[in-house]
S.K.: 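The structure follows.
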2 protein chains.
Amino acid sequence: MEKPYLKSPGAWAKRLHLASRSMMERILRPYDLGPTQWYVLYQLANNGPTPQRDFLSLLQIEKPTLSEVVRALVRKGFINQTSDTNDQRQRLLTLTDTGRQLWGELPDPIAFMQEIAFQGFDKEMLEVAVEVLKTATERLNTYKFDGVEK
Amino acid sequence: MEKPYLKSPGAWAKRLHLASRSMMERILRPYDLGPTQWYVLYQLANNGPTPQRDFLSLLQIEKPTLSEVVRALVRKGFINQTSDTNDQRQRLLTLTDTGRQLWGELPDPIAFMQEIAFQGFDKEMLEVAVEVLKTATERLNTYKFDGVEK
DNA sequence: CGATATATGTTCGCTACCAAACTAAATGTC
DNA sequence: GACATTTAGTTTGGTAGCGAACATATATCG
């Protein structure tokens, strides 16, 4: 009975995620940008001004997390957060000039890391891996649970 | 050119990790325990008092992270942190009586989630997934980089 | 119209992760 | 023995994540 779970896809998913995050942070640090902050700029640079609300599903994060990311980007002067004129609840996020200029200088960390991590793998192997991860994720996310027995 | 990376194993690794963490947090919340805190108790309950230092490799985390986890467990009264008599730098972690009692009441969240997430999969598919994740992780972790071109 | 419900964001308090800079103790080296 | 180096942990300040509770604004319903 020796920690079988350290060899499971779940454990390796965690390690891969942390390794990816770590490298992305190193790449972005010179630009004073975190990984999730990068995704927000990515969206704004490629699709123009976007309601803050939309980022919840785009980034798959909760409201408090998004609030903090937005706050950081506003503080750094890379985006503006304005109230929608029609619906005063909604906030619209737009790139500032500084933000647009920064985006022009940024490398694409995702493409870079994909190349390192997955280059040379069979297409089929990658598909199997995605299938396992995707299914496991869906099962966990949809599992109804009223507390574990106890 | 539509965000191919959202379908990559890296993206799914992140989602699976977050889904796992989220469920583990829900399971452990009634016991006032976080996932990483659980792993520390797991080690102490199964292998007895352990130098704090050893947890760095066991949990694959950095010193500040460990410091904070230990701090939380001491604050909650589940472990003791004492100085080694031979080497005053080292700290030894031991379960308190409260901690031991708590451990006796805890479910095993890992076994529980493994069952939900991976049940019914081909052994071969799981091995392929692990192979992909493990290789990708190693490549990212060993990649030497003196900053991306820029 | 008014009360209630829903949608959008923020705040608070927590876990968990890191790098950089620090203290203190032990070890090596000259 | 003195000084430099290494090792163990902490502190500080940051990102990223969450639930619970809150304020506001819009929408719905009676």
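Naming: A, B, ... by sequence-line order, numbering from 1 per chain.
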S.K.: How many Å lie between CG on L66(B) and P on dT11(D), as a whole number?
M.R.: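 Spelled out: CG on L66(B) to P on dT11(D) is 13 Å.
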S.K.: What pairs of residues pass the side-chain hydrogen bond (donor to acceptor under 3.5 Å, both in side chains) test when at least one of them lies in residues 122-131 of chain B, not counting sequence neighbours?
M.R.: E131(B)-T135(B)
S.K.: Taking 4.0 Å as the cut-off, does a side-chain nitrogen or oxygen of K76(A) come that near to OP1 or OP2 on dG14(D)?
M.R.: no
S.K.: OP1 or OP2 of dG9(D) less than 4.0 angstrom from a side-chain nitrogen or oxygen of Q90(B), does that happen here?
M.R.: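 Negative; the distance criterion is not met.
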S.K.: Would you indicate, yes or no, if dA16(D) has its OP1 or OP2 atom less than 4.0 angstrom from a side-chain nitrogen or oxygen of Q37(A)?
M.R.: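 Checking dA16(D) against Q37(A), a side-chain N or O does come within under 4.0 Å of OP1 or OP2.
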S.K.: Can you classify the ring geometry of W103(A) versus W38(A) as parallel (below 30°), tilted (30 to 60°) or perpendicular (above 60°)?
M.R.: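 Because their plane-to-plane angle lies in the 30° to 60° range, the rings of W103(A) and W38(A) count as tilted.
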S.K.: Rounded to whole angstroms, how far apart are CZ on R91(B) and P on dA26(C)?
M.R.: 11 Å
S.K.: If the test is side chain to side chain contact (heavy atoms under 4.5 Å, CB included), which one of T50(B), L44(B), L41(B) qualifies with L93(B)?
M.R.: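 By the side chain to side chain contact (heavy atoms under 4.5 Å, CB included) criterion, L93(B) pairs with just one of T50(B), L44(B), L41(B): L44(B).
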S.K.: For DNA chain D, determine which residues of residues 77-84 of chain A have any heavy atom closer than 4.0 angstrom to one of its atoms, and list them numerically.
M.R.: none
S.K.: Quick test of your reading: applying ring-ring contact (aromatic ring centres under 6.0 Å, His included), list the pairs with at least one residue in residues 45-86 of chain B, sequence neighbours left out, ordered by first then second residue.
M.R.: none
S.K.: Kindly write out the residues that satisfy side-chain hydrogen bond (donor to acceptor under 3.5 Å, both in side chains) with Q90(A), not counting sequence neighbours, or none if the list is empty.
M.R.: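 Counting only residues at least two positions away or on another chain, Q90(A) forms no side-chain hydrogen bond (donor to acceptor under 3.5 Å, both in side chains).
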S.K.: Under the rule for salt bridge (Lys or Arg N to Asp or Glu O under 4.0 Å), what residues qualify as partners of R71(B), not counting sequence neighbours?
M.R.: E68(B)
S.K.: Need to verify one output field. Residue with the more 5' nearest nucleotide on DNA chain D, A72(A) or D87(A)?
M.R.: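 Nearer the 5' end of the strand: A72(A).
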S.K.: Got a sec, which residues hit side-chain hydrogen bond (donor to acceptor under 3.5 Å, both in side chains) with K134(A), two or more places apart in sequence or on another chain?
M.R.: none
S.K.: Kindly confirm or rule out a cation-pi arrangement of R139(B) over F121(A), judged by NZ or CZ under 6.0 Å from the six-membered ring centre and within 45° of its axis?
M.R.: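 The answer is yes; both the distance and angle limits are met.
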S.K.: Rounded to whole angstrom units, what separation is found between the CD atom of Q88(B) and the P atom of dT10(D)?
M.R.: 14 Å
S.K.: Base, backbone or nothing for each nucleotide of nucleotides 17-24 of chain D, written B, S, -, heavy atoms under 4.0 angstrom, 5' to 3'?
M.R.: BBBB----
S.K.: Given side chain to side chain contact (heavy atoms under 4.5 Å, CB included), test L66(A) with L56(A) step by step and report yes or no.
M.R.: CA-CA 7 Å; L66(A) 181 56; L56(A) 294 179; 3.6 Å; yes
S.K.: Taking the nucleotide of DNA chain C with the closest heavy atom to each, which residue, R71(A) or N86(B), is nearer the 5' end?
M.R.: R71(A)
S.K.: Quick one: does L18(B)'s side chain get under 4.5 Å of R21(B)'s, heavy atoms only?
M.R.: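 Yes; the side chains approach each other to less than 4.5 Å.
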S.K.: If you take any heavy atom closer than 4.0 Å to DNA chain D, which residues from residues 92-100 of chain A end up in contact?
M.R.: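 Of all residues in residues 92-100 of chain A, none places a heavy atom under 4.0 Å from DNA chain D.
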S.K.: Does any residue of residues 49-57 of chain B have a heavy atom under 4.0 Å from DNA chain D, and if so, which ones, in number order?
M.R.: Q52(B), R53(B)
S.K.: Does dT15(D) have OP1 or OP2 sitting under 4.0 Å from an N or O in the side chain of R75(A)?
M.R.: yes
S.K.: Applying salt bridge (Lys or Arg N to Asp or Glu O under 4.0 Å), which residue pairs with at least one partner in residues 88-101 of chain A are found, sequence neighbours left out?
M.R.: D87(A)-R89(A)
S.K.: Given F112(A), which of D108(A), I110(A), I116(A) fulfils the side chain to side chain contact (heavy atoms under 4.5 Å, CB included) condition?
M.R.: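 Passing option: I116(A).
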S.K.: Sorted by first residue and then second, give each side-chain hydrogen bond (donor to acceptor under 3.5 Å, both in side chains) pair with at least one member in residues 52-67 of chain A; sequence neighbours left out.
M.R.: Q52(A)-Q81(A)
S.K.: For T96(A), which residues count as a side-chain hydrogen bond (donor to acceptor under 3.5 Å, both in side chains) partner, sequence neighbours excluded?
M.R.: none
